[in-house]
Amino acid sequence: MLISSILSAVALLAAQVAAHGAVTSYVIGGSNYPGYTGFSPASSPATIQRQWPDYNPTMSVTDAKVRCNGGTSAALNATIAAGATITAKWGQWTHQQGPVMVWMYKCSGAFSSCDGSGTGWFKIDQMGMTSPPLTGTSWGTAVVYKSLAWTSTIPARLAPGNYLIRHELLALHQANTPQFYAECAQLHVTGSGTATPSGSYLAKIPGYASQNDPGIMIDIYSSTATTYTCPGPAVWS
Ligand SMILES: *[C@@H]1O[C@H](CO)[C@@H](O)[C@H](O)[C@H]1NC(C)=O
Ligand SMILES: [Cu+2]
């Protein structure tokens, strides 16, 4: 009896750990770029992705870990042309309520000294709820649940340079208990674009919105809202 309750407690814990996820690879121009696998310190081969410690959610928009799930610079970078697509892939993902938000950040120089600090992050893509109810599955994260992938286009007019790309899943399935899942990778963007976002398109991470933002602190089970607004700035495209 005692042993069986311990065993079911262990099984429950394992299920909870398995109930999270992280980006584990990228596809750019038909090439596959493995992401970080295994928990840090790194034992996997060098990647374009900043390493992350575990699948656990970050619970606060002001936690430093929300930026790149704790990752610091990676050894590699991938070249991508402005206007081309990048697909992020998740090894596993289980939540279907909440937005997907894809962000970029222009590094001023080498990736090794690019930490993503300051008000330099901008969104290139996002999907919140496309139709109610809030408890349904018409959400960006439901697309990731079904396909374990998310494809975005690098804006064609974006100026070339070294950029971080950050894929963020915000899971809202627990009332007033937001869960942030974000990983970053290093991209060398090429092309003849000349534009970079400014002003209200830019945010700092952590802290791109208030923890009390209605898109973050929400009880999807008691709210009667029929629309949802993603937290943070508008998409720059
Ligand atoms: C990006 O990777 C290339 C090799 O693919 C390397 O030559 C280059 O130095 C890297 N860029 C940075 C800024 O680390
Ligand atoms: Cu989870």
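Whatever order the structure lists ligands and atoms in, that order sets their numbers, starting from 1.
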Got an N/O contact under 3.5 Å between Asn162 and ligand 1? no
Determine whether the aromatic ring centres of residues Trp52 and Tyr36 are separated by less than 6.0 angstrom. yes
Of all the N, O or S atoms in His20, which one sits nearest to the Cu ion (ligand 2)? ND1
Does the protein place any heavy atom closer than 4.0 Å to atom 9 (O) of ligand 1? no
Could you state whether Val235 and Met101 fall into the same hydrophobic cluster, counting links through intermediate Ile, Leu, Val, Met, Phe, Trp or Tyr residues with side-chain heavy atoms under 4.5 angstrom apart? no
Less than 4.0 Å between atom 14 (O) of ligand 1 and some protein heavy atom, yes or no? yes
Got a sec: is Tyr181 within less than 2.8 Å of the Cu ion (ligand 2) via an N/O/S atom? yes
side-chain contact (heavy atoms from CB on, under 4.5 Å) partner of Thr151, chosen from Val102, Asp125, Thr85, Val143: Thr85
When the aromatic ring centroids of Tyr181 and Trp93 are compared, is their separation below 6.0 Å? yes
Write out the residue and atom name of the closest protein heavy atom to atom 3 (C) of ligand 1, then the distance separating them to 0.1 Å. Asn77 ND2, 3.6 Å
Scan side-chain atoms only and decide if Tyr26 and Gln49 contain a donor-acceptor pair under the 3.5 Å cut-off. yes
